[in-house]
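A quick write-up on the structure given underneath.
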Number of protein chains: 2
Amino acid sequence: MLDATSSYKPMDSRIPVADRTGHRNVPETTRRTDRFPGTRYGNRPTMKDVAARAGVGLKTVSRVVNGEPGVTPETERRVQEAIEALGFRRNDSARVLRKGRTASIGLVLEDLADPFYGPLSRAVEEVARAHGALLINGSSAEDADREQELVLALCARRVDGLVVIPAGDDHRYLEPEIKAGVATVFVDRPAGHIDADVVVSDNFGGARDGVRHLIAHGHRRIGFIGDMPRIHTAAERLRGYRTAMEDAGIPVADAWMSLGVTDPERVRRAAQEMLTGPEPVTAIFTGNNRVTVTVIRVLAGHARPVALVGFDDIELADLLQPGVTVVAQDAAALGRTAAERLFRQLDGTLIAPERIELPTRLITRGSGELPPAD
Amino acid sequence: MLDATSSYKPMDSRIPVADRTGHRNVPETTRRTDRFPGTRYGNRPTMKDVAARAGVGLKTVSRVVNGEPGVTPETERRVQEAIEALGFRRNDSARVLRKGRTASIGLVLEDLADPFYGPLSRAVEEVARAHGALLINGSSAEDADREQELVLALCARRVDGLVVIPAGDDHRYLEPEIKAGVATVFVDRPAGHIDADVVVSDNFGGARDGVRHLIAHGHRRIGFIGDMPRIHTAAERLRGYRTAMEDAGIPVADAWMSLGVTDPERVRRAAQEMLTGPEPVTAIFTGNNRVTVTVIRVLAGHARPVALVGFDDIELADLLQPGVTVVAQDAAALGRTAAERLFRQLDGTLIAPERIELPTRLITRGSGELPPAD
DNA sequence: CCCGAGCCTGACAACGTTGTCCAGGCTCTA
DNA sequence: TAGAGCCTGGACAACGTTGTCAGGCTCGGG
């Protein structure tokens, strides 16, 4: 009978909180069964094994593995042979312990599945790769506690740096980490109560320009559907909307603004309400890609044409009827800029934290140029 | 003057190849400047420091940090206080070294920025999280060498398991790793020359059904634009196309099939050619989401209506005119299934490698139901 | 023939944590 | 009151790697 009783017990990677529930660790017996004769699971060969087999010293193996000079070709050959034969692979955990640097950086974002974060994540990865570092990432699901949990787990892994798209608004918990030398850059939204590098889009200006665009095309009753105002980007975009309206001397009715979670159901209802209320809007400005997509669906089923400008570009926006006018931000540039700054922190090239704002771009495709249909 | 001469020298995370270029390691001096008085960069407090400050033994600190029983409330309080005061955070590298498990899994995919992989990646992350593990991921950019490099770097980090979307077609290099106990699951495409768990979509059946759908709507001259045939999914989808055509007794002209890299330029040209050739197609079956998007653009500028069925669902496909009929695969389910299987391997619940095939779903929205316009 | 220089090589400690094991003090019972 | 047993705490080794340092070898010059 196969011994398959052991179960996956990873290290507890949570924050070291003393939850003294008295759970006693089961004694760690051999965890793996011996399915391959001659090779025990989990018992990887070490440099010591290689050294023994090659008949050399430990340090010589280390030298060969790391390509350090000072090894005779003949000795090196013997070591390489032993490495091949045993299937040796250097244990980077031990290496990290010794060297201090892990050559990995952490990326905490809201949701990997969101099309906005894909390119951002990829850009960070590219830069990391160029610097020989790996990328560990996690989704906070827009939850401050989960963000903290993730960030601290990454710090426990001793990542060299962190790129964080903050969900919470208080990052003082990161102070000891930053002091201890963890390079940190916030992206998309600023950090809270802490002085750190920040790379953001010009959310205010972008939204203002988008709304101005609608105003320029004759709209006055313009709706705004955005994310929860506690999210910085959402607040900034709202401010852009308000400013554009104010600048144009248009008083804003409360019924034209809807802020909250951006799940399709709420957004759909919000859109319906501002389209059918006592002062129905003739145009809508949407606060992010998810909202835009939902509103497009609503408008597709709406009788009267309604103008639309959305924040964030969306794929195929040009092929819809009409094409969707958007305020586009460059997600890849955000990620790239942040990551590059991170590595400059690690270089020691960077002195003081800075706030970098990347411009947005209005892309007109038709939906924003519809005249008001009263 | 600030000492900013040190530069980021991460651990070399490449495969241990002896590139004896004789580069000598610069002596590692203190890397960080002392910007914060009283806190040296990189010198984090250890359990020893905490123990000293709390006036207890090293192991007692360990017990408190890990919530192990056997510590007086009073002692625990003192230790917690010291932890707070010093900003101590357990070093997981050392922990890993001692425990053997890293509580992290690796995910190697083609491109994080591809909308198909976002949900997949997210699903893997969710499962990992549920098992207390972190996710490290990297993009292979469809390059076999880069895939191997990434995978081995992850193994050097001693990830507990690997979810791999293979780019290469020979994975024998993974044998020692798997033997050493690294749980491994391949997704989306099977592994090459190696017996391992595989989770794939029914690419053949899906493509066959999609093409049958077009045939059922009266098409006979149907084009196929897909990825390089060395990619397994591409080959399977092509096989589905051929089978559907054959079953219907339709001879396939070479000019109707185009296989190769799926960059927009090539795809655009391929589509143009089969639309204007001597035997112009009346319908096109596209082999993945990128191809589909490009072909939609081509068809949008085409005079005569052409039917289209695409492999992979795409966002907003329902809002285009006409809606795009697709063969949808469930990326999240692929990721979830693979990850769950991975953790069952780690549990010891799983014995023999298996091949799991998830069904695809034909979603009709209009573009596939257009009659042939001759 | 001897000595110093230079090149290889390996012994050893250290990185920070956890498992093992033992000692001392306490409580409880006979 | 003594002995048994429990509870708390700490000393120590080990995990696999790398930096330091010293020893042994070869070679050439005096």
Side-chain angles (χ1 to χ4, degrees), chain A residues 9 11-13 16 20 22 24-29 42-52 54-76 78-79 86 88-103 156-158 180, chain B residues 9 11-13 16 20 22 24-30 42-52 54-76 78-79 86 88-102 156-158 180:
Chain A
K9 290 254 167 45
M11 321 183 331
D12 180 351
S13 63
R20 332 287 317 294
R24 184 179 294 275
N25 282 357
V26 227
E28 306 247 346
T29 52
N43 272 11
R44 284 164 158 278
T46 71
M47 286 194 178
K48 208 165 140 189
D49 301 326
V50 175
V56 302
L58 187 52
K59 181 65 209 203
T60 301
V61 177
S62 171
R63 274 193 267 263
V64 171
V65 167
N66 295 298
E68 288 170 32
V71 181
T72 336
E74 163 58 14
T75 309
E76 175 177 348
R78 285 223 311 284
V79 172
L86 296 174
F88 167 80
R89 199 90 64 197
R90 182 178 64 195
N91 183 335
D92 274 0
S93 290
R95 185 161 215 251
V96 162
L97 182 59
R98 194 59 236 258
K99 301 204 80 152
R101 283 283 169 98
T102 58
R157 297 293 158 103
R158 295 293 185 270
Chain B
K9 289 256 165 44
M11 320 181 332
D12 180 350
S13 63
R20 331 289 316 294
R24 184 178 295 275
N25 282 354
V26 227
E28 307 246 346
T29 52
T30 49
N43 271 10
R44 285 164 157 276
T46 72
M47 286 193 178
K48 209 165 141 189
D49 300 326
V50 175
V56 302
L58 185 53
K59 181 66 210 208
T60 302
V61 177
S62 172
R63 274 194 269 264
V64 171
V65 168
N66 295 298
E68 286 171 32
V71 181
T72 338
E74 163 58 14
T75 309
E76 176 177 347
R78 285 222 313 284
V79 173
L86 296 174
F88 167 80
R89 199 91 64 197
R90 182 177 65 196
N91 183 333
D92 274 0
S93 290
R95 186 164 215 249
V96 161
L97 182 58
R98 192 58 237 253
K99 302 202 82 152
R101 286 281 170 102
T102 57
R157 298 293 156 102
R158 294 294 186 268

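Fair warning: this is a prediction, and the values are worked out from it, not measured in the lab. Per chain, numbering begins at 1; letters A, B, ... match sequence-line order.
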Show each protein N/O and nucleotides 5-8 of chain C N/O combination with a separation under 3.5 Å, one pair to a line.
unit_1 : atom_1 : unit_2 : atom_2 : d
C:dC8  : O3'    : A:T72  : OG1    : 3.0

Whole angstrom is fine here: how far is it from [atom1] in [X] over to [atom2] in [N]?
X     : N      : atom1 : atom2 : answer
B:D92 : C:dT17 : CG    : P     : 9 Å
A:K48 : D:dC15 : NZ    : P     : 6 Å
B:E68 : C:dT20 : CD    : P     : 11 Å
B:M47 : C:dG19 : CE    : P     : 10 Å
B:E74 : D:dG9  : CD    : C1'   : 14 Å
B:N66 : C:dG19 : CG    : P     : 8 Å
A:R44 : D:dC15 : CZ    : P     : 16 Å
B:R95 : C:dG19 : CZ    : P     : 8 Å

Return no unless some side-chain N or O of [X] is found under 4.0 Å from OP1 or OP2 of [N].
X     : N      : answer
B:T60 : D:dG9  : no
A:S62 : D:dT17 : no
A:N91 : D:dC15 : no

Considering all heavy atoms of both residues, which atom of [X] and which atom of [Y] are nearest to each other, and what is their separation?
X     : Y     : answer
A:V65 : A:F88 : CG2-CE2, 3.8 Å
B:A54 : B:V79 : CB-CA, 4.0 Å
B:V96 : A:S93 : CG1-OG, 3.0 Å

How long is the gap from [atom1] on [X] to [atom2] on [Y], to the nearest 0.5 Å?
X      : Y     : atom1 : atom2 : answer
A:R157 : B:R95 : CZ    : CZ    : 9.5 Å
A:R90  : A:S62 : CZ    : OG    : 8.5 Å
A:T102 : B:N91 : OG1   : CG    : 10.0 Å
A:D49  : A:L58 : CG    : CG    : 10.0 Å

Practice problem: Tell me, please, which residues at least two apart from B:T75 pass side-chain hydrogen bond (donor to acceptor under 3.5 Å, both in side chains). | Solution: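 By the side-chain hydrogen bond (donor to acceptor under 3.5 Å, both in side chains) rule, B:T75 matches B:T72.
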Practice problem: Kindly say whether A:E68 contributes a backbone atom to a donor-acceptor pair with the side chain of A:R63 at under 3.5 angstrom? | Solution: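 Not a single qualifying donor-acceptor pair exists.
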Self-check item: Polar side-chain atom of A:R89 near backbone of B:A156 as donor-acceptor pair, under 3.5 Å
Solution: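 No, A:R89 side chain to B:A156 backbone: no donor-acceptor pair under 3.5 Å.
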Quiz item: Can you list the residues that meet the salt bridge (charged side-chain N to carboxylate O under 4.0 Å, His left out) rule with B:R158, with sequence neighbours excluded?
Solution: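 For B:R158 there are no salt bridge (charged side-chain N to carboxylate O under 4.0 Å, His left out) partners, ignoring immediate neighbours.
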Restricting both atoms to N or O, compile the protein contacts to nucleotides 11-14 of chain D shorter than 3.5 Å, with distance only.
unit_1 : atom_1 : unit_2 : atom_2 : d
D:dA14 : N3     : B:R98  : NH1    : 3.3

Quiz item: Using the C1' atoms of the five pairs at each end, what is the angle between the end axes of the helix from C:dC1-D:dG30 to C:dA30-D:dT1, to 10°?
Solution: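 End-to-end axis angle for the helix from C:dC1-D:dG30 to C:dA30-D:dT1: 60°, rounded to 10°.
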Practice problem: Please tell me which of A:A94 and B:V56 maps to the more 5' nucleotide of DNA chain D, matching each residue to the nucleotide holding its nearest heavy atom. | Solution: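 Going by which nucleotide is closer to the 5' end, it is B:V56.
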Quiz item: Is the closest side-chain heavy-atom distance between A:V50 and A:L86 below 4.5 Å?
Solution: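 Yes; the side chains approach each other to less than 4.5 Å.
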